[in-house]
Amino acid sequence: MCGRYVLATPVEELAAYFSAQVPPSMADGFHPSWNIPPTSNIVAVTADPDGQRSLNRFRWGLVPSWAKDLSFGAKTINARAETVATKPSFRSAFRSQRCIIPADGYYEWKTTAGEVKQPYYFTRRDGSPLAFAGLWERYQFHHEADGQPRSLVTCAIITTAASSDVEAIHNRMPAILTGGDLWGRWLDGALGDREELLAMCRPAPPGTLVTKRVASLVNSVRNNGPELIEELKDRPSLF
DNA sequence: CCAGACGTTGTT
DNA sequence: GTCTGG
DNA sequence: CCAGACGTTGTT
DNA sequence: GTCTGG
């Protein structure tokens with residue numbers, strides 16, 4: 001799955017890479033992070049009806065309009081590609097509110113019987129940013145304290161079966177839009193071809209990703225910095 | 001009809 | 001075991 | 001995703 | 001909001 005990732009590329013570079021605008025609301029409060037967890041505020045690319053793209057902030061964990069409260073988002077950080085078109089929590093967003101979540105790379109933990117969980121870091125082989133296929137929703141609610149109406153945008157990352165690049169580590173992977181020619185189609189809220197959309201959520205072609213073993217520093221969200229993605233060379237000793 | 005859920009992952 | 005917080 | 005808490009009363 | 005289970 002995808003439950004922790006990295007985005008340290010400057011906003012201006014991301015905007016150029018995705019041909020997206022950066023609204024003033026976006027420029028403030030964005031910091032590079034090598035340890036982005038669910039329920040935090042993340043960056044996603046969306047498109048206007050006219051096709052204009054922009055970067056915006058979304059809370060990671062999709063909260064459908066009918067949810068009782070924001071805590072719903074804790075269990076909807078990922079949406080399975082196999083069922084995203086029909087699950088009540090995701091189908092509406094899948095139809096018309098798709099987004100791209102940029103990442104420098106992401107982490108997976110390999111769990112082996114009898115061994116300690118080992119984190120791995122995945123990036124594109126060519127070093128360019130990853131474009132995760134995502135969904136977003138707007139959630140409206142009344143603030144507890146003052147009763148005023150508020151609204152918040154939330155998002156989820158679609159997952160799919162692991163490709164041969166990742167299956168030795170984990171059996172799932174994020175859906176990655178490879179090739180910029182797919183971005184416009186994915187972001188077009190008027191595009192109604194379910195099969196075309198689902199085809200974009202298939203495992204990335206073998207060879208797209210590379211991985212390296214990293215230190216368990218990433219386990220705690222209190223740790224953050226480029227050292228989290230440094231390759232761990234030593235094999236753990238048996239003695 | 002009303003009440004209650006609405007999700008993913010990993011592990012056994 | 002399960003939920004919340006980061 | 002993982003780490004850390006999981007509780008109440010009363011006093012400072 | 002919409003579906004499933006009772």
Side-chain angles (χ1 to χ4, degrees), chain A residues 1-7 29-43 57-97 101 103-123 130 132-141 144 151-152 154-163 166-175 201 203 211-225 227-229 232:
Chain A
M1 89 179 294
C2 184
R4 208 76 77 81
Y5 72 97
V6 173
L7 186 64
F30 172 77
H31 301 293
S33 177
W34 290 265
N35 204 349
I36 302 173
T39 72
S40 60
N41 286 318
I42 66 174
V43 175
R57 307 277 257 148
F58 293 78
R59 180 187 164 108
W60 185 9
L62 188 140
V63 182
S65 58
W66 42 260
K68 278 193 207 71
D69 55 66
L70 286 172
S71 68
F72 194 96
K75 47 189 180 179
T76 46
I77 64 170
N78 292 138
R80 292 176 63 86
E82 295 88 336
T83 53
V84 66
T86 54
K87 289 279 185 183
S89 295
F90 300 124
R91 60 191 168 194
S92 165
F94 181 73
R95 262 183 258 118
S96 59
Q97 296 190 149
I101 295 160
D104 293 355
Y106 72 99
Y107 301 99
E108 292 287 11
W109 281 259
K110 183 177 184 177
T111 52
T112 319
E115 282 181 49
V116 182
K117 265 182 199 171
Q118 173 64 59
Y120 288 79
Y121 181 59
F122 287 88
T123 56
L130 294 162
F132 294 151
L135 309 172
W136 69 275
E137 281 276 7
R138 181 173 295 277
Y139 184 66
Q140 292 173 304
F141 60 104
E144 283 180 34
S151 124
L152 185 69
T154 65
C155 67
I157 296 171
I158 298 177
T159 63
T160 189
S163 72
V166 318
E167 65 187 359
I169 310 298
H170 204 78
N171 65 346
R172 304 289 298 174
M173 72 187 295
C201 297
T211 190
K212 57 189 184 183
R213 240 163 50 91
V214 294
S216 296
L217 270 178
V218 64
N219 289 16
S220 173
V221 293
R222 289 176 306 181
N223 298 322
N224 201 334
E227 65 275 14
L228 270 62
I229 59 173
L232 200 62

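Below, chains carry the letters A, B, ... as their sequence lines are ordered, and counting in each starts from 1.
Among the atoms of the strands shown, only primed sugar atoms or phosphate atoms (P, OP1, OP2) are found under 4.0 Å from some heavy atom of A:F90. Across all strands shown, A:N35 has no heavy atoms under 4.0 Å from either base or sugar-phosphate atoms. In this structure, A:A67 reaches neither bases nor backbone, as no heavy-atom distance under 4.0 Å exists between it and the strands shown.
The phosphate of B:dT9 has OP1 or OP2 within less than 4.0 Å of a side-chain N or O from A:T159. In this model, the phosphate group of B:dC6 is not approached by any side-chain N or O of A:K75 to a distance below 4.0 Å at OP1 or OP2.
Partner A:F90 forms a side-chain contact (heavy atoms from CB on, under 4.5 Å) with one of A:L62, A:T83, A:I158, A:N78 and no other, that one being A:L62. Considering A:W34, A:Y107, A:W60 as possible partners of A:Y5, the one that fulfils the ring-ring contact (aromatic ring centres under 6.0 Å, His included) test is A:W60.
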Q.
Walk me through whether A:I101 and A:V43 qualify under side chain to side chain contact (heavy atoms under 4.5 Å, CB included).
A. CA-CA 6 Å; A:I101 295 160; A:V43 175; over 6 Å; no
Q: Could you give me the CA-CA distance, side-chain angles and deciding distance for A:S33 and A:N35, then say whether side-chain hydrogen bond (donor to acceptor under 3.5 Å, both in side chains) is met?
A: CA-CA 5 Å; A:S33 177; A:N35 204 349; over 6 Å; no
Q: Evaluate ring-ring contact (aromatic ring centres under 6.0 Å, His included) for A:F141 paired with A:Y139, printing each intermediate quantity in order.
A: CA-CA 7 Å; A:F141 60 104; A:Y139 184 66; 5.6 Å; yes
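A donor-acceptor pair is defined here as one N or O able to donate and one able to accept, closer than 3.5 Å; such a pair exists between the side chain of A:T160 and the backbone of A:C201. In this structure, the side chain of A:T154 engages the main chain of A:V63 through a donor-acceptor pair within 3.5 Å. Between the side chain of A:Q97 and the backbone N or O of A:L135 there is no donor-acceptor pair closer than 3.5 Å.
With a 3.5 Å limit on both pairing distances and Watson-Crick or G-U wobble geometry required, the stems of 3 or more pairs in DNA chain C span C:1-6 with D:1-6.
A:E108 places its CD atom 9 Å from the P atom of D:dC1, with the value rounded to the nearest Å. In this structure, NZ of A:K110 is placed 15 Å from P of D:dC2, rounded to the nearest angstrom. What separates CH2 of A:W109 from P of B:dT11 is a distance of 13 Å, to the nearest Å. A:Y107 places its OH atom 20 Å from the P atom of B:dT9, with the value rounded to the nearest Å. Look at OH on A:Y120: it is 17 Å from P on D:dC1, rounded to the nearest Å. Atom pair A:R80:CZ and B:dG7:P shows a separation of 12 Å (rounding to whole Å applied). For the pair A:I157 CD1 and D:dC1 P, the computed distance is 12 Å after rounding to whole Å. The nearest whole Å value for the distance from the NZ atom in A:K87 to the C1' atom in B:dC6 is 9 Å.
With P as the reference atom, D:dC2 and B:dT12 are 14 Å apart, rounded to whole Å. Using C1' as the reference atom, C:dT2 and D:dG10 are 30 Å apart when rounded to the nearest Å. The C1' atoms of C:dC3 and B:dG7 are separated by 15 Å, rounded to the nearest whole Å. Straight-line distance between the C1' atoms of E:dG1 and B:dT9: roughly 27 Å, to the nearest whole Å.
One finds the CZ atom of A:R138 at 12.0 Å from the OG atom of A:S65 (value rounded to the nearest 0.5 Å).
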Q. Once each nucleotide of nucleotides 1-6 of chain C is scored for protein heavy atoms under 4.0 Å, what B/S/- sequence comes out, 5' to 3'?
A. -----B
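Two residues, A:R172 and A:W66, neighbour DNA chain B, and the one matched to the more 5' nucleotide by heavy-atom proximity is A:W66.
Remark: A:E82 engages A:R172 in a salt bridge, criterion side-chain N to carboxylate O under 4.0 Å.
Among B:dT8, B:dC6, D:dC1, the nucleotide with an atom closest to any side-chain atom of A:I77 is D:dC1.
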